[in-house]
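Every chain is numbered from 1, with letters handed out A, B, ... down the list of sequences.
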Amino acid sequence: MSVFTELVGNIKKRKNVLLLTGYLCDEMELGGRKLSDFAAQIALKLDLPVAATGSSAVPLKEKGVRATRKALAEMVNLTRFPYWGDPITAQRPEMMVFIGYPARMLKSVLPAVKGMETVVLGNMSMKDATFSLPDASLNQYQKNLESLIGSL
Amino acid sequence: MSENKTFRLGNADIPVGEPVRDPRGVEDIIIEAMETDFQEARYKTFDQRLFPFADAADIAEWDSFLIGRYPPLYTFSPGTCSDCPLGPCDLKADNGLCGLTEVASQARLSLRRTCRGCLSQFLDSRELLNYALKVFGSDRPVEWGKMHDRSDTSHIGLMTAIWPKNLADLARVLSYAEEQLNKLFTASFSALDPTEMEQMVLHSGSILLVAMNVSELVKMNCFGFTNASNEDIMTTINWPPANILGGLGHVEKGKPVLTFLGDSFLTGFCAVKQLKEENLFEKVEVCGIGPAGHDIIRFYDRCRILGPMTQARKLARHGISDVIVAGDACIDLSFLEDAKIAGTKVIWTSRARNIGLPDYSDETVEKIVADLLAGAPGVWVRHTEKAAAAAVKLVQKISRPKNHLLSEEAVKKEAKRCRDDCDRCSNVCPNGLLIGLQLRKVNAEGIAALKDIEEGCYMCGACEKICPEKIPLENIFVAALDAWKDDDKLKMRAGRGPVARVETTSWAFGSMWGNCPGIFHVIGCGDARNSEELGWIAYNLTLRNAIIFTAGCGAGEIGRYFNKEKGQYVYEQFGTEAQLRNLINCGSCTACSHIVDQALKWPRTGAGASHYGNFAETADLEYNIIAPTLIVWGALPDRMHALVASWVRAGMSAVIGPNSGFDWNRYLMGNKWKWEEWWSYISYGGKKQYHEPSPPAMIIPVETKEECLTQALAISMRAVDVRDGRQARLDTWIEFSQMFFQEFPDDWRLFARSDWELPIRYKSRLLKELKEKSGWDIDRMQIKKARHPDGRLLEIGEFSKEYSAMTKAITKLKRMIARGSAPGGKEEKK
């Protein structure tokens, strides 16, 4: 079983998963495709609600994704309180999946996520994440995402 | 003896010890403050107290509210503590040997960072004050300006209760601030209580502004800096004029370039004086990087602003300057090697430390110039006038080759070595720039492919260090900058200095009851990914009738925004009077103190609360009623941490970003979805009043400029917003959200109080949402019943009574509940 199949299996096992999409979704291109294309495919195939941070909401909505504009810090902040309350998910998520953030930004916020698993779909491995894709060039990163999407 | 002294308030003689814990040694200060600015009715109604020369603990009643409602969100933990010889202690496993918890350790780091941020400013303020005392004497009078009176708030008044009259007063004030910083820094290695340390973080912000106040008063009263408070109020709409040019493209070619860099303008002041006296100002281009530039333009409008401190290395490596005169600054981006590469001569003037240059402080000007011309890369000169004279002489004589920049062909050759199986540069870039990706496009698209990443690069050097091919990325970025240097232009106004209360009063009505979405303070350090973003942010808010204040390096960055349709730079498009739809530059980094002080004039104007030694009451009123919102775009230096702390403590919330905002590791945010946590005391009666979560955060980071604008509006709400103000905020918030994200904010309903406040252009859709999503009872265009967050459906009048602070006097401080109005409360003073 490939790491991607295993990862997808883990995500699918969780009842309440929230996808967070960062500003790079709108700014990064991989092989001529916006990163938001990849994010949208993941969201649609897994039927995930999306907290679209930065300016990533519009390109996702245009692809039919259930995206709502949120601030990254707001979502991380909520994880430390017993009361969740945010209408983006009916209950507190069991897992947060991040895509479209620079490595340094995620390194800074991941340690603050409390009480849930974290998955980082970026091109740098993150020691504070429950799972992250491995270090990769952008070319390899594109292939990793394609493999992941192929496993969905 | 203190017990025999009294002050006169109305018809009563009150013992000086009544409002102060220990009046010994400060009796005269208290008497002066009470008799000139306190109001009898307010003093008798509330338990007003004075804290002259306040310690952090004196303001803890207010700070503990802030820290309680917005518990710090730490995003970094070192895991171990090595603060004492007993360590290191593994805090993940257990508390430290001294009892230090992991959270306390994070609070220590937070406090240390703000203290570090204060240090360079304190050094500069002390050096400036000492110089002024030496040259002008301690009796030299100081004043804020002709339009200012004792009621005008300043942080000197708030923290010390002094109304400063001369340099001797400023010496006393600065000694106090230095003592406070010493206490805070000590605590950052020894304190154990995280809440107390976070209170100290806030205190560090306040004392930073005291030091900045001192600097500004010295600058205006001893060195002729612009001060709009001395000008005719009818002229301030366009004063100072938008005539300051900057950017590499505005530096006149063929002239020698003398650049001043860092915090201190003193050498620049002496050099400009000499250039004027010797009629040389047409022959030399004077430029500034960082605060020195923004100070010099307040007395010499021919000075060119090259860029912010964060871009110092790139600008030094570019080599436009023939001579750089530099001292300490907010950030230690060592530029000496860059200047050497460019062949630029350096005169280092800091009295605090050397940067590896020979000490020429006791040499003659002739010797300094001769040795630099003979090949020395730089010298250290700890004598202001001598350094200035040497710089002026040197810049006229220097002749140097300017061939250190890579050609486009050389850049292409280097770019070919970039491997498409790597991209490590992008992952270490603090701004997340896609360096490798763009570099690989250079051969096809030319050097233009690097435009965006060059703008976002401040040459930290991380990319070059990690590159396995040893590609000289820094030289490539500098070559890229040179390629479009002629387009690197900005135009701005010099700082106008402080804003008097009388000017603030004139726009009170318009800002609260007009169609003004708010007052925004827009600052930044120049490290954002795009150099025009700060100007874009300021432009979009000003255009919508907001009142915008700016200062520091960000004021220059705003000047880069050019409105192509109008053919005007943003400062040319808007006036500079403190009025709606105006963009007001107060000055350099130290002038940030004017912005905060100006905002804190409201409690005096609106509620009659004197500010002298009275921080908590002032901040409480500010927070509840009309606190402006701070936007920090480019937040790299530690000084910004302390600055933002000063804003937050004064009741104002802050949006920070873009990428450097996520390196702060500490934010102040509440849980807006838990309604039970959002309440105040009613000032008359002491009842607990629940209301909307306004503002939901005090410090929040965001990623993009669009998100920044939207979030700034979201945190601009205040519980006591008047109807028109709330409507204008909602209107602009929703407009931004629609424009950038094609949706209504999903939390706008948290701020709905009545149909009168819903923006006209969205009203029917908003009412529909209230009905369908929140179950409110809507009859055509009117709200009949509103849903209390506890689930009850209430008549709208009942809803306002139970869940709104509109038109109510509220407070977060128990002693600001009116005497005798609460059961068991204190009786009114006789």
Enquirer: As an exercise: rank A:Ala52, A:Ala73, A:Ser56, A:Gly22 by heavy-atom pairs under 4.5 Å with chain B and give me the winner.
Expert: A:Ala73
Enquirer: In terms of heavy-atom proximity below 4.5 Å to chain B, should A:Tyr141 be classed as side chain, backbone, both, or neither?
Expert: neither
Enquirer: So which part of A:Asn123 gets closer than 4.5 Å to some heavy atom of chain B, the side chain, the backbone, both or neither?
Expert: both
Enquirer: What residue in A:Ser108, A:Ala57, A:Gly85, A:Gly122 has the most heavy-atom pairs under 4.5 Å with chain B?
Expert: A:Ser108
Enquirer: Within a 6.0 Å radius of atom NZ on B:Lys773, are there more than 12 heavy atoms belonging to other residues, nucleotides or ligands?
Expert: no
Enquirer: Apply the side-chain contact (heavy atoms from CB on, under 4.5 Å) test between B:Asp663 and each candidate in A:Lys107, A:Arg104, A:Met105; give the one that qualifies.
Expert: A:Arg104
Enquirer: Check the side chains of B:Asn659 and A:Tyr23 for a donor-acceptor pair under 3.5 angstrom, ignoring hydrogens and angles.
Expert: yes
Enquirer: Roughly how far apart are B:Thr704 OG1 and A:Leu24 CG, rounded to 0.5 Å?
Expert: 11.0 Å
Enquirer: Using distance alone, with no hydrogens and no angle criterion, decide if A:Thr53 and B:Glu703 have a side-chain donor and acceptor under 3.5 Å apart.
Expert: yes
Enquirer: So what's closer than 4.5 Å to chain A heavy atoms on B:Lys672: side chain, backbone, both or neither?
Expert: side chain
Enquirer: Roughly how far apart are A:Leu110 CG and B:Thr75 OG1, rounded to 0.5 Å?
Expert: 10.0 Å
Enquirer: Salt bridge (Lys or Arg N to Asp or Glu O under 4.0 Å), that's the test. Do A:Asp135 and B:Arg424 meet it? Break it down for me.
Expert: CA-CA 9 Å; A:Asp135 288 353; B:Arg424 288 184 218 172; over 6 Å; no
Enquirer: Counting only non-hydrogen atoms closer than 4.5 Å, does B:Arg529 touch chain A with its backbone (N, CA, C, O), its side chain (CB onward), both, or neither?
Expert: side chain
Enquirer: Could you check which of A:Met28, A:Glu27, A:Glu74 has the highest count of heavy-atom pairs closer than 4.5 Å to chain B?
Expert: A:Glu74
Enquirer: Would you mind reporting whether B:Phe740 and A:Val58 have side-chain heavy atoms less than 4.5 Å apart?
Expert: no
Enquirer: What option among A:Pro111, A:Pro102, A:Pro87, A:Ala136 has the most heavy-atom pairs under 4.5 Å with chain B?
Expert: A:Pro87
Enquirer: Taking A:Lys70, A:Glu29, A:Gln140, A:Arg80 one by one, which has the highest count of heavy-atom pairs under 4.5 Å against chain B?
Expert: A:Arg80
Enquirer: Within a strict 4.5 Å, meaning less than it, do heavy atoms of the A:Tyr83 and B:Trp673 side chains meet?
Expert: yes
Enquirer: Relative to chain A, which segment of B:Pro696 carries a heavy atom at a distance below 4.5 Å: side chain, backbone, both, or neither?
Expert: neither
Enquirer: Is it the backbone or the side chain of B:Phe741 that comes under 4.5 Å from a heavy atom of chain A, or both, or neither?
Expert: both
Enquirer: Out of B:Ala714, B:Gly661, B:Gly657, B:Pro72, return the one with the most heavy atom pairs under 4.5 angstrom to chain A.
Expert: B:Pro72
Enquirer: Check whether B:Ile700 gets within reach of chain A through its side chain, its backbone, both or neither, counting any heavy atom under 4.5 Å.
Expert: side chain
Enquirer: Heavy-atom distances under 4.5 Å only: say whether A:Arg69 touches chain B with side chain, backbone, both or neither.
Expert: both
Enquirer: Where on A:Leu78 is there a heavy atom nearer than 4.5 Å to chain B: the side chain, the backbone, both, or neither?
Expert: side chain
Enquirer: Rounded to the nearest 0.5 Å, what's the gap from CG on A:Leu138 to CG on B:Asp421? Could you check?
Expert: 11.0 Å
Enquirer: Which atoms of A:Ala67 come close to chain B, meaning under 4.5 Å heavy atom to heavy atom: side chain ones, backbone ones, both, or neither?
Expert: backbone
Enquirer: Can you measure from NZ (A:Lys114) to CG (B:Leu73) and round to the nearest 0.5 angstrom?
Expert: 8.5 Å
Enquirer: Would you say A:Gln91 has more than 12 foreign heavy atoms packed within less than 6.0 Å of its CD?
Expert: no
Enquirer: Which heavy atom of A:Asn139 sits nearest to which heavy atom of B:Asp423, and what is that distance?
Expert: N-OD2, 4.4 Å
Enquirer: After noting the C-alpha distance and the side-chain angles of A:Asn77 and B:Tyr667, does the key distance pass the side-chain contact (heavy atoms from CB on, under 4.5 Å) rule?
Expert: CA-CA 9 Å; A:Asn77 180 49; B:Tyr667 310 99; over 6 Å; no
Enquirer: Under 4.5 Å, counting heavy-atom pairs only, tell me which of B:Val702, B:Leu434, B:Asn665 racks up the most with chain A.
Expert: B:Leu434
Enquirer: Quick one: pull up CZ in B:Phe76 and CG in A:Asp128 and give me the separation to the nearest 0.5 Å.
Expert: 10.0 Å
